[in-house]
Amino acid sequence: MKVFTKNAELSREMARGAGRTGLVPTMGALHEGHLSLVEKCRAECDRAVVSVFVNPTQFNDPNDLKNYPRTEEADLALLEKTGVDYVLMPSVEDIYPQKDTRVFDLGTTDKTMEGAHRPGHFNGVAQVVSRLFDIVRPERAYFGEKDFQQIAVIREMVRRYGYPVQIVACPIVRGADGLALSSRNALLTPAHRAAAPTIYGALNENAAAARTMSVEEFRRRVVERIDATKLLKTEYLSVVHAETLEEIDTWSDSFPMRCCIAVQAGDIRLIDNIAIA
């Protein structure tokens, strides 16, 4: 495993090699969910690259950026065990030698849910992912479905701006209690960590019975069960077209559907989602 802290050095290394290159972009604080992406990348590509970079342009809350967990040494130890070929751990100045003022047209994908509640977040995601694509030049890039809207945004960026990269979506990895693995879970208090699995429990239980009720009733039941814990507060719950992310009011058999949710657990904000059959 080779570790690079300078973009130019990794770019030169990539230019010298051959074969299919896969990229796993991360913000560090790695867990089994990230490692599942690395495993798939290694299985499908000749060269696997993992980036570890906490991207400031996608945070609209300065405190969230300040408190985001950073565990570089532990991350490198985990990645060493995966057999990954290259790790990029750049500085902010290396990724953004000048202020990035680009504004991306992402269609409808960034207008709802996280886009509505976190202004500028997805433009920041597009900025950093496009920079990583330019540095690494991967044929494939791997993202976890926990950040379901992010995948739709990046696919739209790839389509609109002509990046020759296949976006590979990988299933959510959950703990034994159902909670989606997230770097933010480590910041939960013990009480909020104990309550957090209610999020997936409510989603899973009601998704299985979704067609027996209206979309409005589905939303109400999920939110009521989560908020009844008193330790959790639903910020939004959206049922959307899984590709355009446009809100829907009735179930459909003509396109895939997804339910996406954000929940405040004390000071920590958690997101999750589930497919609606």
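- Judged purely by distance below 3.5 Å, without hydrogens or angles, the side chains of S214 and R219 never pair a donor atom with an acceptor atom.
- Both F255 and V239 sit in one connected hydrophobic cluster of ILVMFWY residues. Membership requires side-chain heavy atoms under 4.5 Å apart, directly or through other members.
- Contact annotation: the side chain of R47 never approaches that of E139 to less than 4.5 Å [non-hydrogen atoms, C-beta and beyond].
- Counting non-hydrogen atoms of other residues, nucleotides and ligands closer than 6.0 Å to CD of E32 gives a total of 12 or fewer.
- In this structure, E205 pairs ionically with R225, as a charged nitrogen and a carboxylate oxygen lie closer than 4.0 Å.
- Here side-chain hydrogen bond (donor to acceptor under 3.5 Å, both in side chains) pairs that include residues 77-89, with residues two or more places apart or in two chains, are E13-Y86.
- The two residues C259 and F218 have their closest heavy-atom pair at SG-CE2, 3.6 Å.
- Minimum interatomic distance between M14 and T21 (heavy atoms only, all atoms of both residues): SD-CG2, 4.0 Å.
- Of the N and O atoms on the side chains of S238 and E247, at least one donor lies less than 3.5 Å from an acceptor on the other residue.
- No salt bridge links D94 with R131; every basic N to acidic carboxylate O contact stays at or beyond 4.0 Å.
- At a threshold of 4.5 Å between side-chain heavy atoms, the hydrophobic network of Ile, Leu, Val, Met, Phe, Trp and Tyr places L37 and L132 in two separate groups.
- Residues V54 and R70 meet the side-chain proximity criterion, which asks for heavy atoms closer than 4.5 Å.
- Residues K146 and E114 are not paired through a salt bridge, judged by the lack of any N-O separation under 4.0 Å between the basic side chain and the carboxylate.
- Classification of D61 and K66 as a salt-bridged pair fails, no side-chain N sitting under 4.0 Å from a carboxylate O.
- Other residues, nucleotides and ligands contribute only 12 or fewer heavy atoms inside 6.0 Å of the CG atom of D267.
- No side-chain donor-acceptor contact under 3.5 Å links Y68 and N63.
- Inter-residue side-chain proximity for V168 and Q166 is flagged as met; some heavy-atom pair is nearer than 4.5 Å.
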Distance-only criterion, 3.5 Å: show the donor-acceptor pairs between side-chain atoms of residues 23-30 and protein atoms not counting sequence neighbours.
residue	atom	partner	partner atom	Å
T26	OG1	G28	N	3.1
T26	OG1	S51	O	2.8

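- Look at R221 and E216 and you find no salt bridge, because none of the NZ, NE, NH1 or NH2 atoms lies under 4.0 Å from a carboxylate O.
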Quick one: do R118 and D110 satisfy salt bridge (charged side-chain N to carboxylate O under 4.0 Å, His left out)? Show the steps, please.
-> CA-CA 10 Å; R118 301 177 66 188; D110 67 334; over 6 Å; no

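- The side-chain heavy atoms of I95 and I135, taken from C-beta on, include a pair separated by under 4.5 Å.
- For G33 against L181, the heavy-atom pair with the smallest separation is N-CD1, 3.7 Å.
- Residues P256 and E243 approach most closely at CG-OE2, 3.9 Å, considering heavy atoms.
- Scanning all heavy atoms of the two residues, the minimum distance from L188 to A265 falls at CD2-CB, 3.7 Å.
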Table please: side-chain donor-acceptor pairs of residues 197-204 below 3.5 Å, with sequence neighbours left out.
residue	atom	partner	partner atom	Å
T198	OG1	A195	O	2.9

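- The residues D272 and R174 are annotated as salt-bridged, a charged nitrogen and a carboxylate oxygen being separated by less than 4.0 angstrom.
- Checked against the 6.0 Å centroid criterion, the rings of F122 and F104 do not qualify as a close aromatic pair.
- Between D105 and R160 there is a salt bridge, with a side-chain nitrogen of the basic residue lying less than 4.0 Å from a carboxylate oxygen of the acidic one.
- Between E145 and R258 there is a salt bridge, since a side-chain N of the basic residue sits under 4.0 Å from a carboxylate O of the acidic one.
- When K40, E39, E44 are each tested for a side chain to side chain donor-acceptor pair (under 3.5 Å) with Y142, only one passes: E44.
- No side-chain heavy atom of D249 sits under 4.5 Å from any side-chain heavy atom of V215.
- Residues V92 and F59 are members of separate hydrophobic clusters, defined by side-chain heavy-atom contacts under 4.5 angstrom among Ile, Leu, Val, Met, Phe, Trp and Tyr.
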Start with the C-alpha distance between I226 and I261, add both sets of side-chain angles, then the distance that settles side-chain contact (heavy atoms from CB on, under 4.5 Å), and finish with yes or no.
-> CA-CA 11 Å; I226 292 170; I261 193 169; 3.4 Å; yes

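- The 12-atom threshold is exceeded at NZ of K111, counting heavy atoms of other residues, nucleotides or ligands nearer than 6.0 Å.
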